[in-house]
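We're numbering straight along the sequence, starting at 1. Whatever order the structure lists them in is the order used to number ligands and atoms, beginning at 1. Keep in mind that the numbers below use all heavy atoms, side chains included, and drop hydrogens, waters and symmetry copies.
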Amino acid sequence: MTNRIDFNEENSNTSDNPSFDSVLQARLSRRTVLRGSVGTMGTVAFGGLGSLGATACGGGDALLGFDAVAKSLADAVSVPAGYTATVLYALGDPLSATTSAYKNDGTDTDFENRAGDHHDGMEWFGLGAHGKPSADATARGLIAMNHEATTDEKLSSFFLHANGGTSTLPRPAVEVDKETAIHGVSVVEVKARHGKWSTVPDSAFNFRLTALSENILINGPARGNALLKTKYSPDGTKTRGTLNNCGTGKTPWGTFLTGEENWAGYFTRSATDDAARGDKSVAALRRYGRNQGAASRHGWESAGSDDKYARWNNSKLGTSVDGSDDYRNEMNSMGYIVELDAYDKNKVARKRSALGRFAHESAAFGTPVAGQPLAVYMGDDSRGEYIYKFVSAANWAVADAHPVDRITTGDKYLDSGKLYVAKFNSDGKGAWVELSIGNSAIAGYAGYTFADQADVLVNARLAADAVGATKMDRPEWCSTNIANGEVYFTLTNNSNRRVEPSSSSQTAPDSANPRVYTDLKGTTEQKGNPNGHILRLKEDSVGNAASSFTWDVYVFGAESSAAPGTVNLSSLTDEQDFSSPDGLVFSPSTGIMWIQTDDGAYTDVTNCMMLAALPGQVGDGTKKTLNYTKADGSALNVDTYVGKAPGADKLKRFLVGPKASEITGLCETPDGKAVFINIQHPGETTAMADIADPTKYSSQWPGNAGYGAGKRPRSATIVITKDDGGRIGT
Ligand code: FEO
Ligand code: CA
Ligand code: CA
């Protein structure tokens with residue numbers, strides 16, 4: 001969301017966490033040594049390696065054999081010669097036989113039965129004979145997809161309403177009802193006939209979750225906790241809806257994971273709520289970005305007295321002691337990794353509180369190893385937030401790859417375990433610090449008094465502050481390299497990185513976030529780390545359950561013309577330079593790492609893009625020292641570890657999107673011959689006042705690509721195929 005309003009631009013991490021806490025580190029190192037002898041991954045093969053070896057070396061379609069796509073400001077999708085990109089599924093497309101075609105003029109209704117807005121992460125679920133789940137179906141499947149947000153200005157989601165909608169309070173209920181319905185998740189059946197892909201609007205598999213879907217379960221340690229009690233759920237076991245669904249994951253047992261990201265901005269609190277509460281909840285609300293008096297993003301709370309509007313007012317209004325007569329605790333019902341069964345709309349979705357509550361992006365599993373715990377890697381996307389890992393209590397049983405009941409298999413692996421936060425050290429090593437109420441640094445934290453382990457998980461940011469986690473440059477997606485099990489994290493950018501921080505929200509550079517520089521966009525100075533980087537880590541010998549790791553930076557985003565010694569540290573060329581990496585997915589079929597951008601820094605030169613990469617491994621590059629000079633003339637020298645420069649044959653721009661869009665989400669058929677990606681928020685820089693004049697829209701895609709009615713821009717899924725029928729990225 002960097003083009004218009006960046007909802008990650010909170011300044012809620014004002015903790016004074018040092019980059020390196022030597023005392024705690026010494027203790028952790030000792031614990032790591034002690035644990036080092038426990039168990040070993042030995043020579044257990046990584047799941048996909050066998051097939052990857054075969055396909056990656058297959059003759060005739062060498063990986064990254066395409067010609068790089070040039071940077072572009074065109075209002076179109078550009079792909080390499082020999083490839084075709086086709087629009088498949090856009091905002092408003094019907095998901096039931098009785099829903100009318102999308103008119104795209106602001107008069108459409110029935111969004112509970114249409115594609116939502118701002119398509120984001122997605123995953124493929126194959127359908128075989130008789131509509132049964134299939135791991136190798138290539139022409140029929142379900143795509144489960146996040147609908148993160150909507151294009152807005154001054155409260156209203158303006159492309160959704162005929163005249164642009166109402167930009168003052170109170171918001172009309174008829175507008176708010178549309179807007180709540182276009183958030184959430186959709187599951188849509190897709191099929192290919194003679195190589196042409198289409199959705200199946202009347203499929204019985206299709207369904208939606210919205211911001212108001214009933215009876216979504218709170219699972220894990222926070223289930224039934226005092227922090228989850230609301231008027232809707234006096235016993236704290238359920239909530240309505242899922243919100244700001246951003247990155248995704250797919251479990252080894254075949255379910256869909258969706259991460260709730262910028263939900264905090266949808267709630268409001270009265271200007272006197274801090275005093276009304278008078279308890280520790282005020283500190284928690286501030287740490288999650290909701291100061292008293294802050295306006296909500298869309299004013300949904302203003303649309304009427306009905307409970308479905310009242311819930312967005314997070315103020316303490318009732319007289320109960322436990323919050324069961326108001327929505328003072330409602331924000332605690334958002335911010336989770338949510339699991340659902342894409343194959344079965346009747347299975348109730350679960351919010352997995354054991355994985356912590358924050359601004360979730362994707363959830364990437366470490367390579368499953370039989371008899372050992374599973375690991376789930378996650379990022380918290382806001383400036384200066386952290387990287388986390390969940391380790392399951394249950395050990396992986398291979399039979400669970402094909403369970404009778406998928407969602408209860410999720411209960412087994414994702415409802416109990418340990419949550420860790422990452423500390424990156426200047427020697428190229430790092431530690432996973434457990435977030436446990438039993439940790440004296442957490443139990444004795446001066447900033448917040450934790451009641452129990454559920455409190456630690458619901459307020460994971462505060463617990464991570466307490467243990468001195470490393471503040472990162474906005475962790476977005478993560479993904480596991482199928483070839484070697486290393487885990488990659490996009491760190492999209494950070495305008496708060498400074499050599500000499502002058503406020504509590506700014507942070508000095510450290511080894512894992514080493515760059516501070518000024519980039520020019522026209523005449524505008526962009527400071528901090530405007531272009532972002534991609535970090536990767538290799539777990540120590542125990543694998544998924546390791547408490548220490550080695551890391552380096554795979555690549556630094558930069559303009560190819562930027563200074564090579566301080567900014568373009570990965571020697572990017574014109575064919576591969578990029579800014580603000582966000583989506584990151586390793587292809588199961590080819591092993592290609594797809595990098596997608598959500599950029600506002602380089603958009604004077606190019607629209608957002610997708611690149612294909614064949615990365616090496618942690619430690620294949622060199623140590624570099626970045627030398628900064630403070631105002632008083634003293635030096636700040638930061639050691640970092642830069643991966644081997646990718647070179648032209650290992651990193652290539654594959655696609656550039658339409659104007660004012662981000663590229664996000666990726667899934668593919670198991671043969672790698674169809675890749676689905678999302679174009680999110682084309683035209684989002686359009687001014688609401690220009691709603692009546694399509695010539696003033698900053699994008700008219702996908703209408704201008706021949707898809708659907710009207711000129712209002714729409715988020716949409718595209719399918720990429722190769723004209724010779726080959727695998728994508730070859
Ligand atoms: Fe929804 Fe941080 O991207
Ligand atoms: Ca620039
Ligand atoms: Ca993202």
Quick one: do Y266 and H298 satisfy ring pair (Phe, Tyr, Trp, His ring centres under 6.0 Å)? Show the steps, please. CA-CA 7 Å; Y266 284 64; H298 297 292; 5.3 Å; yes
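- Residue D120: no N/O/S atom is found under 3.0 Å from the Ca ion (ligand 3).
- Between the Ca ion (ligand 2) and L520 there is an N/O/S contact shorter than 3.0 Å.
- With 3.0 Å as the limit, D598 does not count as an N, O or S neighbour of the Ca ion (ligand 3).
- A ring-centre distance under 6.0 Å is found for H681 and H118.
- Seen from the Ca ion (ligand 3), atom OD2 on D582 and atom OE1 on E476 lie at an angle near 80° (rounded to 10 degrees).
- To the nearest 10 degrees, atom 1 (Fe) of ligand 1 sees OE2 of E148 and OE1 of E261 at an angle of 80°.
- Just one residue in the list D93, D117, T151, I679 forms a side-chain contact (heavy atoms from CB on, under 4.5 Å) with R714, and that residue is D93.
- At a threshold of 3.0 Å, the Ca ion (ligand 2) has a backbone or side-chain N, O or S atom of E559 nearer than that distance.
- Checked against ring pair (Phe, Tyr, Trp, His ring centres under 6.0 Å), Y488 has the following partners two or more places apart in sequence or in another chain: Y554, F586.
- Separation of the W594 and F654 ring centroids falls under the 6.0 Å cut-off.
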